[in-house]
Engineer: 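Would you mind keeping the following structure in view while I ask a few things?
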Amino acid sequence: MKQELINTFLIGTEKKMVDSTVMPDELMHLYGLITKSTQEETLMSIGTLSNLYNRAAMIPYKVDLTAHTQAKLDSQKEANESYESILDKIQTLEDKYKEPILELWIDKLLLKNEIVSKNKLVSFLRMSENANKKIKYKATLAAGDRGQGIVKKISSFQHSIIIANPSWHEATNAERLDIIQNDPLAALDDIAKDWHGEGIVFKKNVIELLADSNDNDTLDFLYSKSQEEFVANSKEKKTAKECRYLISKALIVHNHKGMGSEIKKQFQNYIKKNQGGLLGLIGRGGLQIQLPENEDDFWNKKEMDAMFGIELNNPDPALYKTDIVYWFSQIGGLISAADWSEILEVKKAELIKYFTNDKSFLTTIEGKKICVLNEMMIDIARNYGEPDFAFTLCEDIPIQDADFKIIMRHVPKHDIKKYIESKDLYVDLKHLQLLDDENNWDINN
Amino acid sequence: LKFTEQQVISMSPDDASLKAGRSLSGKANWLVASTTDRALWGEIKGSGSKPYQTQVDIQNLAFKCSCPSRKFPCKHGLGLLLLSANDAEAIAIVNSEPPWVEEWISKRSAKIEKEDIPKEYTDQELEKLEKGKQKRADDRKTQVDAGVEELNLWIQDIVKYGLLALKHKEAIFFDRAAARMIDAKASGLASYIRSLKNIDYSKNDFHYQVMDIMTKLYLLIQSYKNLDKLDDDMKLSIMNQVGWSQSPKELLADENTELIKDKWLVTGQEIDEVDDIVVHRIWLYGADTHQVALILNFGTRFAPLEITIMPTSVIEAAVVFFPGIVKQRAVIKIQKSVLSHLNALPDFSHAHNTILEVVEYTAERLIHYPLLYEHGVWIKNIKIDEIKGANYIIDSLGYIFEVSNTMAENTILNWYALNLDGPKLTFGIVRNNAFVGLGLFDDDKYYAL
């Protein structure tokens with residue numbers, strides 16, 4: 001339609017008269033046949049004829065086909081129909097079960113080096129879009145290379161794509177943390193390069209992620225930070241102190257530069273032969289932990305702050321009889337159950353019995369005896385993932401669901417599988433959901 | 001008949017219903033889930049004291065549920081069908097139906113049989129009926145004439161003060177005009193006004209859409225005013241578009257109408273909801289006759305849709321087309337059987353090879369009937385692609401055609417997914433200068449989008 005005509009339509013015939021000569025010559029004959037008595041009828045007649053003329057003469061646009069090449073093809077084959085039909089069953093599960101089972105399903109698919117078929121892809125991605133970041137990332141892998149274009153079109157997956165295609169310099173802090181989580185070693189150079197410009201909260205998040213690594217370079221990096229940046233001082237921020245704690249924990253747990261052995265030696269200084277009985281509760285040697293009543297060279301505020309960065313003030317004097325008992329509960333989990341077993345000369349199975357029965361660590365509140373070392377034992381299990389200790393702990397003390405996952409975090413999957421088999425826990429989702437990457441059960445069964 | 005999950009999904013009225021249906025598709029949700037060769041039924045705990053009773057007529061696909069939902073099918077119907085599609089073993093195969101199912105299925109069968117026997121009238125009755133019919137037609141014509149005249153003035157008012165003024169109009173401006181047309185029994189005209197209301201007036205190019213709709217509306221009004229000068233088919237077509245709905249019952253009763261028997265592929269359906277009326281627009285394609293038929297199914301809160309045709313299935317049926325210039329809208333007169341898929345790929349030699357061919361074909365049809373609203377086409381080797389943030393279909397020569405922005409996001413994503421390994425033979429609707437994709441063939445299997 002000519003601009004002249006459009007202008008009349010826009011501002012109205014009251015302000016702009018219609019000019020019939022704007023019409024193509026081919027239409028003039030038809031136009032002449034139409035009865036028009038007002039300016040408005042004239043405009044509508046011309047507009048109608050012109051519109052029809054344009055619609056009938058429309059030619060589609062043409063584009064350069066080289067810019068519209070085919071999506072990348074994958075070498076992996078598509079999952080078979082029967083395996084994909086499990087997705088429909090997962091879809092019907094309650095939300096709390098959906099995620100872990102979906103993750104199992106994806107892991108198994110990736111293990112088989114297969115991808116989701118194209119006709120299931122959208123419903124699969126929609127199922128995964130509200131899952132946690134890890135599952136979403138795995139879902140992007142399950143979409144295959146060819147499916148990345150579809151993944152990109154779903155806004156809730158934008159973040160996951162960055163994980164799939166890491167580019168440190170373009171990433172936001174949250175995305176960088178995902179990159180580190182995905183491959184800490186590969187990210188270490190970038191972390192070190194940008195370290196000085198980063199804020200303390202981001203640094204703490206990075207340390208948390210790196211702390212799981214037992215790679216020597218990563219631990220050297222953390223060690224250097226503890227010596228340069230996170231040395232205790234009276235003006236430090238709370239977050240800096242927390243960084244010191246996280247680094248100390250990582251270095252001790254991984255026995256970097258013999259720090260774990262050093263702490264073990266320190267603890268050994270406080271092991272004494274039991275004088276008052278408790279036979280049957282403690283090991284062959286009748287050993288028990290005897291913490292000092294007053295501060296000494298090791299158990300003192302300065303040392304606890306400088307070496308461990310723990311909170312110094314006893315948060316609950318009714319629970320922890322002394323500051324030292326509180327500090328012990330905070331750092332006792334830094335050495336393994338195997339080390340404690342050796343120090344106390346008890347079997348690992350008896351260790352929990354010892355911690356939960358030694359009266360030095362029991363407090364009576366409202367007539368109920370409470371062991372103040374439960375958190376410490378959870379720390380031991382979390383830090384070292386010793387299967388026998390972790391499983392016994394979960395059986396012996398009340399464990400919240402959230403703690404359960406934490407405790408089992410480093411327990412090898414084949415041990416969990418063995419445990420599930422021995423206890424016949426196939427229908428126990430709490431246990432089943434612990435299995436992921438290394439699980440090689442057939443999900444069809 | 002065994003339903004596939006994809007077929008059940010395509011029956012869902014919306015994403016929310018499907019999601020809710022999925023959550024009810026576990027075996028554990030159903031107190032009872034059984035089937036015979038003609039019905040599928042289940043009982044499921046709802047918010048009331050009694051469980052909801054859900055039933056499906058699997059021979060002449062229809063749903064009924066005792067829940068209060070006005071969605072069709074409701075989440076219980078979808079849940080039961082999904083259960084049967086994904087876990088057939090969860091459905092008990094029995095020999096007889098419980099009374100509440102038996103009663104409904106038998107009534108339906110009786111009704112279907114009854115519809116096949118036309119009632120016989122005496123001459124006197126016929127004369128009376130004819131008189132009454134003529135009076136109703138005359139009364140209606142008077143009402144519509146007044147409505148058309150009023151709308152003509154409404155349009156002239158708009159162009160007098162300019163389309164820019166529409167940017168500042170409230171929705172009620174359009175609602176009132178649409179309501180007047182409904183009162184005047186010109187519902188077709190009301191739908192044009194609703195289209196004007198739905199335009200995004202904040203866009204710089206809003207006036208192109210307004211001019212397109214208004215000029216078509218003006219043409220319709222002028223055509224109506226000149227009805228006497230038009231031939232019968234054109235007259236019927238114009239009256240249809242104004243709002244004279246042709247009665248499917250009359251059409252089915254007319255023995256002179258031509259029956260088109262074929263194996264009809266259900267290529268897809270669109271679901272609209274206007275003023276509490278749910279409209280299923282189901283597009284069929286005749287495997288042998290190559291005809292495209294549009295079946296409209298209406299439902300309200302109080303009179304839910306009873307007949308459903310599953311997209312991607314194939315029905316062996318005889319359809320009757322409504323008279324008019326464009327033979328497109330049809331009703332199913334006889335439905336013999338439902339097949340889950342076509343046994344052989346139809347001959348698609350007549351399908352369009354390029355988008356240019358589609359555009360030329362559309363222009364030809366416009367010459368015959370300038371008020372053509374939509375038509376279904378097959379196009380070979382096309383795929384969906386994104387160009388400058390908008391979705392287009394693109395053919396092997398590089399011609400592009402915009403994809404309608406009325407398509408749901410998930411449908412578009414599915415389309416992209418099915419095109420991941422290349423262009424496909426695709427069926428869709430050309431409507432308002434855009435393409436609505438309904439389904440495509442992939443390795444000889446038809447997928448609804």
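By convention in this document, chain letters (A, B, ...) are assigned in the order of the sequence lines, proteins followed by strands, and residues within each chain are numbered from 1.
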Engineer: Report the option among A:Arg126, A:Lys89, A:Lys15 that has the most heavy-atom pairs separated by less than 4.5 Å from atoms of chain B.
Structural biologist: A:Arg126

Engineer: What part of B:Val359 is in contact with chain A, defined as an atom under 4.5 angstrom from a non-hydrogen atom: side chain, backbone, both or neither?
Structural biologist: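 The side chain, not the backbone.
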
Engineer: Less than 4.0 Å between a side-chain N and a carboxylate O, is that true for B:Lys27 and B:Glu89?
Structural biologist: no

Engineer: B:Ser396, B:Ala28, B:Gly79, B:Pro370: which one forms the most heavy-atom pairs within less than 4.5 Å of chain A?
Structural biologist: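 Most pairs with chain A among the choices: B:Pro370.
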
Engineer: Please classify the contact of B:Leu418 with chain A as side chain, backbone, both or neither, using a heavy-atom distance under 4.5 Å.
Structural biologist: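 For B:Leu418, the contact with chain A is made by backbone and side chain together.
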
Engineer: Suppose we call two aromatic rings close when their centres sit under 6.0 Å apart. Are B:Tyr361 and B:His375 close by that rule?
Structural biologist: yes

Engineer: Would you mind checking which part of A:Leu10 comes under 4.5 Å of any heavy atom in chain B, side chain (CB onward), backbone (N, CA, C, O), both or neither?
Structural biologist: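 For A:Leu10, backbone and side chain are both near chain B.
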
Engineer: Has B:Lys216 got its NZ or CZ under 6.0 Å from the middle of the six-membered ring of B:Tyr192, at an angle within 45 degrees of the ring axis?
Structural biologist: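 No, B:Lys216 and B:Tyr192 do not form such a contact.
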
Engineer: Examine whether an atom of A:Thr38 lies under 4.5 Å from a heavy atom of chain B, and if so say whether it belongs to the side chain, the backbone or both; otherwise answer neither.
Structural biologist: side chain

Engineer: Heavy-atom cut-off 4.5 Å, strictly under: side chain, backbone, both or neither for B:Asn152 against chain A?
Structural biologist: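 Just the side chain, heavy atoms under 4.5 Å.
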
Engineer: Can you confirm whether the side chains of B:Tyr218 and A:Glu40 place a donor and an acceptor under 3.5 Å from each other?
Structural biologist: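 Looking only at side-chain atoms, A:Glu40 and B:Tyr218 do not form any donor-acceptor pair under 3.5 Å.
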
Engineer: Give a yes-or-no answer on whether the side chains of A:Asn80 and A:Glu84 include a donor-acceptor pair shorter than 3.5 Å.
Structural biologist: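 Judged by distance alone, the side chains do not pair up.
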
Engineer: Do B:Lys383 and B:Asp395 meet the salt-bridge criterion of a basic N to acidic O distance under 4.0 Å?
Structural biologist: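 No, B:Asp395 and B:Lys383 are not salt-bridged.
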
Engineer: Taking every heavy-atom pair that is under 4.5 Å apart, which of A:Met58, A:Lys120, A:Gln39, A:Glu41 has the most such pairs with chain B?
Structural biologist: A:Glu41

Engineer: Among the options B:Leu164, B:Val358, B:Ile155, pick out the one with the most heavy-atom pairs lying under 4.5 Å from chain A.
Structural biologist: B:Leu164

Engineer: Quick one: what part of B:Leu371 sits under 4.5 Å from any heavy atom of chain A, side chain, backbone, both or neither?
Structural biologist: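 Contact with chain A is absent: no heavy atom of B:Leu371 under 4.5 Å.
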
Engineer: Could you tell me which portion of B:Tyr161 (side chain, backbone, both or neither) has an atom closer than 4.5 angstrom to a non-hydrogen atom of chain A?
Structural biologist: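 Looking at B:Tyr161, backbone and side chain both touch chain A.
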
Engineer: Between B:Glu149 and B:Lys225, does any NZ, NE, NH1 or NH2 come within less than 4.0 Å of an OD or OE carboxylate oxygen?
Structural biologist: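 Looking at B:Glu149 together with B:Lys225, the answer is yes, because their closest N to O distance falls below 4.0 Å.
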
Engineer: Which atoms of B:Ile394 come close to chain A, meaning under 4.5 Å heavy atom to heavy atom: side chain ones, backbone ones, both, or neither?
Structural biologist: side chain

Engineer: Determine, for A:Lys138 against A:Glu103, whether the closest basic-nitrogen to carboxylate-oxygen distance falls under 4.0 angstrom.
Structural biologist: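 Counted as a salt bridge, because a side-chain N and a carboxylate O are separated by less than 4.0 Å.
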
Engineer: Between B:Asn414 and B:Tyr447, does any side-chain donor sit less than 3.5 Å from a side-chain acceptor?
Structural biologist: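 No, B:Tyr447 and B:Asn414 have no side-chain donor paired with an acceptor closer than 3.5 Å.
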
Engineer: For the residue pair A:Asn51 and B:Asp212, confirm or rule out a side-chain donor-acceptor distance under 3.5 Å.
Structural biologist: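 Distance-only check passes for A:Asn51 and B:Asp212.
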
Engineer: Under 4.5 Å from any heavy atom of chain B, what part of A:Leu43 do you find: side chain, backbone, both or neither?
Structural biologist: side chain

Engineer: With only heavy atoms counted, which part of B:Asp442 is less than 4.5 Å from chain A, the side chain, the backbone, both or neither?
Structural biologist: side chain

Engineer: So for B:Glu386, is it side chain, backbone, both, or neither that comes closer than 4.5 Å to the heavy atoms of chain A?
Structural biologist: both

